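Structure first, commentary second.
In what follows, residues are counted from 1 in the order of the sequence shown. Worth saying up front: this structure is predicted, and the values here are computed from it rather than measured.
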Amino acid sequence: MTNGRKRLLSWGQNLAICLLTVSALVLIGQSSLYMGFDAFVLAKDEGQPEGGRLGELVGVQSNMTAGPLRLLVQNSAGRYGVQYDREAMEALFHQKLGSLLREALTGLEASAPISEEVWRGAFLPGKTFIYYEFFHGLPLGEAASVLGGGRDGNLREEVAKRFCILEEGEGLALLYQNQRDGLYYRASQSGSSLRSLEEQIDQVSPNGAVFAFELPELYAALDPYQVILPTAPQLPVYEGKNPLEGINQEAWEDLLRSLAFNPRAVSTYESADGQVIRDGLDTLRVAQNGQLNFTAGSLSNPRYPVGESPFAGVRQILASVLAGQSGEGDLTFWGMSPGGEGEITITCWYALSGAPVLLTPHGYAARFVVKEGCVAEYTITLRAYTATQEQAAALPEVQASAAVSALHQTGSELIFCYSDAGDALRVLPNWLAY
């Protein structure tokens, strides 16, 4: 190629990028692109008793197993990716590939650091792999139980949201990125019986999914492991409401029972923004906006014991209170953060059509603090969602990437999410860059 032609090609590429940036900024001015992530670090059972400890209640069963935000698989036919698609994720992860990751995470004994080059090498053409990316990091020591069961491992200080199961020769390897140090690791399992990947994903048809780092000329401004599909997301607009608005006495008593409070034995008084319920040393505050705040006065006789499985205990509480309350909203995205002296914080987010919902002001739908084998405090925001016929199309990633670059947010991860301020009927999705 001549020097003149090279200069012409370079000039053409720069012009294309410039036009993408301008068009992206115009479109963002018409819609919005959320920048930053600082603010976001149940029906009555007829056989239910009149309140008491959680262990005495008949819990409503609900599927609240944690699921990934993105999933990408590569077999001999090519690549297939899924994100922001509840039905597709249900079919691929919850019914099939979730058990593979859970098995891989069961009984983790140790890990060894690897280079980013080795990590990226797992995604080369010809490799067979499954890539899982979660909305929030999971402590490896508890990740198996969060995903629905399995023996916890020893890697309790490491937190990851990106995992790769890679076929190597006649065996499989589990790779992950540790969020604590940003480095990459290969984990070893004790007595793993993982089967061949190819036979698990041989019926998956390619759809052209790629990572951002594989097309740097288009997506250099994005996180290198951003998953890009051939078409931008298009999701329904939802209606959101506070299910406690206009609640009658019978429903109010059902709510208290679902939270292990006996409505006939508690002391209740009005506050500036709702009601305060006292039962012994425990306090439950129910705000007018649908937010529930619980504080245990003592941990010696806990209202919410969780034993050795904090996640299972928290899930039981939420299954009880949210049954029949959240409408079409799911609780798919979970995070766990270990603290000092054995304290664990468990956080979960609503999901609509496979996309997370960020509630004002904190983002999460519920947050639990577990100490000494019981729940010491929690915050739950009750919201009910109903899909409308209206659809919201996302700005294509290539334009969003150009806009991110123009706004000097290089390296950002894009997440298509719903924003819910809690006071608007229409809940719409848009890109969040952070």
Side-chain angles (χ1 to χ4, degrees), residues 34 37 39-41 62-72 81-90 92-94 97-98 101-102 105 131-140 142-148 159-163 176-177 179 223 225-227 233 235-236 238 240 310-312 314-315 317-319 321-322 325-337 344-368 378-385 413-420 422 427 429-434:
Y34 309 133
F37 202 54
F40 305 118
V41 174
S62 179
N63 181 15
M64 295 186 177
T65 303
L69 178 67
R70 302 181 175 105
L71 190 62
L72 194 152
V82 58
Q83 57 185 354
Y84 316 121
D85 187 328
R86 183 177 183 269
E87 288 72 24
M89 189 66 76
E90 172 69 24
L92 194 58
F93 178 80
H94 292 290
L97 302 184
L101 180 60
R102 184 170 62 248
L105 290 168
Y131 171 80
Y132 308 79
E133 181 177 329
F134 291 82
F135 180 58
H136 192 280
L138 301 174
L140 297 193
E142 288 83 21
S145 60
V146 172
L147 294 174
V159 178
K161 73 172 189 176
R162 289 171 172 165
F163 301 88
Y176 65 90
Q177 182 182 20
Q179 287 187 275
D223 183 289
Y225 304 107
Q226 176 88 39
V227 173
L235 299 180
Y238 282 80
F311 177 78
V314 165
R315 185 167 55 182
I317 297 171
L318 286 172
V321 71
L322 291 180
Q325 298 279 11
S326 59
E328 298 177 40
D330 298 318
L331 283 176
T332 302
F333 302 121
W334 294 80
M336 297 179 68
S337 302
I344 295 176
T345 299
I346 300 175
T347 313
C348 65
W349 290 260
Y350 287 121
L352 297 173
S353 301
V357 179
L358 301 183
L359 282 166
T360 301
H362 304 295
Y364 51 74
R367 177 181 179 271
F368 291 76
Y378 62 68
T379 297
I380 303 172
T381 301
L382 300 179
R383 295 290 285 163
Y385 297 102
E413 181 179 352
L414 290 177
I415 295 180
F416 201 53
C417 60
Y418 288 86
S419 178
D420 184 1
V427 181
N430 213 324
W431 288 118
L432 169 74
Y434 76 101

Legend entry - Heavy-atom closest contact (Ala355 atom, Tyr84 atom, distance): CB-CD2, 3.8 Å
Legend entry - Non-hydrogen side-chain atoms of Pro233 and Pro429 separated by less than 4.5 Å: no
Inset, instruction - Check whether the side chains of Tyr434 and Glu413 place a donor and an acceptor atom closer than 3.5 Å, and report yes or no. - result: yes
Legend entry - Met336 side chain near Pro139 side chain, heavy-atom distance below 4.5 Å: yes
Inset, instruction - Report the C-alpha distance between Arg162 and Tyr131 in whole Å, list the side-chain angles of each, state the deciding distance to 0.1 Å, and finish with yes or no for side chain to side chain contact (heavy atoms under 4.5 Å, CB included). - result: CA-CA 7 Å; Arg162 289 171 172 165; Tyr131 171 80; 3.3 Å; yes
Inset, instruction - Search all heavy atoms of Gly335 against all heavy atoms of Leu138 and return the closest pair with its distance. - result: CA-CD2, 4.3 Å
Inset, instruction - Would you indicate whether the side-chain heavy atoms of Leu69 and Pro356 approach each other to under 4.5 Å? - result: yes
Inset, instruction - Measure from the side-chain N and O atoms of Tyr418 to the backbone N and O of Asn430, and report whether any donor-acceptor pair falls under 3.5 Å. - result: no
Legend entry - Verdict with reasoning, Gln83 to Leu71, per side chain to side chain contact (heavy atoms under 4.5 Å, CB included): CA-CA 7 Å; Gln83 57 185 354; Leu71 190 62; over 6 Å; no
Inset, instruction - Flag the pair Trp431 / Phe416 as yes when their ring centroid distance falls below 6.0 Å, and as no otherwise. - result: yes
Inset, instruction - Report the residues that fulfil side chain to side chain contact (heavy atoms under 4.5 Å, CB included) with Ala366, sequence neighbours left out, ordered by chain and then residue number. - result: Leu318, Cys348, Phe368, Ile380
Legend entry - Point-to-point distance, once rounded to the nearest 0.5 Å, from CZ of Phe135 to NZ of Lys161: 8.0 Å
Inset, instruction - Side-chain contact test, heavy atoms from C-beta onward, threshold under 4.5 Å: evaluate it for Leu352 versus Leu235 and give yes or no. - result: no
Inset, instruction - For the residue pair Tyr364 and Thr381, establish whether any side-chain heavy-atom pair is separated by less than 4.5 Å. - result: no
Inset, instruction - Give a yes or no answer on whether the side chain of Arg102 reaches the backbone of Leu147 with a donor-acceptor pair at less than 3.5 Å. - result: yes
Legend entry - Gln226 (side chain) donor-acceptor with Leu414 (main chain) under 3.5 angstrom: yes
Inset, instruction - For Pro310 and Ile344, work out which heavy atoms get closest and say how close. - result: CG-CD1, 4.0 Å
Inset, instruction - Run the ring-centre check on Phe134 versus Phe333 and record whether the distance is less than 6.0 Å. - result: no
Inset, instruction - State which residue, out of Tyr385, Tyr238, Tyr350, fulfils the side-chain contact (heavy atoms from CB on, under 4.5 Å) condition with Asp420. - result: Tyr385
Legend entry - Intermediate values then yes/no, side chain to side chain contact (heavy atoms under 4.5 Å, CB included), Val314 and Trp334: CA-CA 11 Å; Val314 165; Trp334 294 80; 4.1 Å; yes
Legend entry - Min side-chain heavy-atom separation Ile415-Arg70 under 4.5 Å: yes
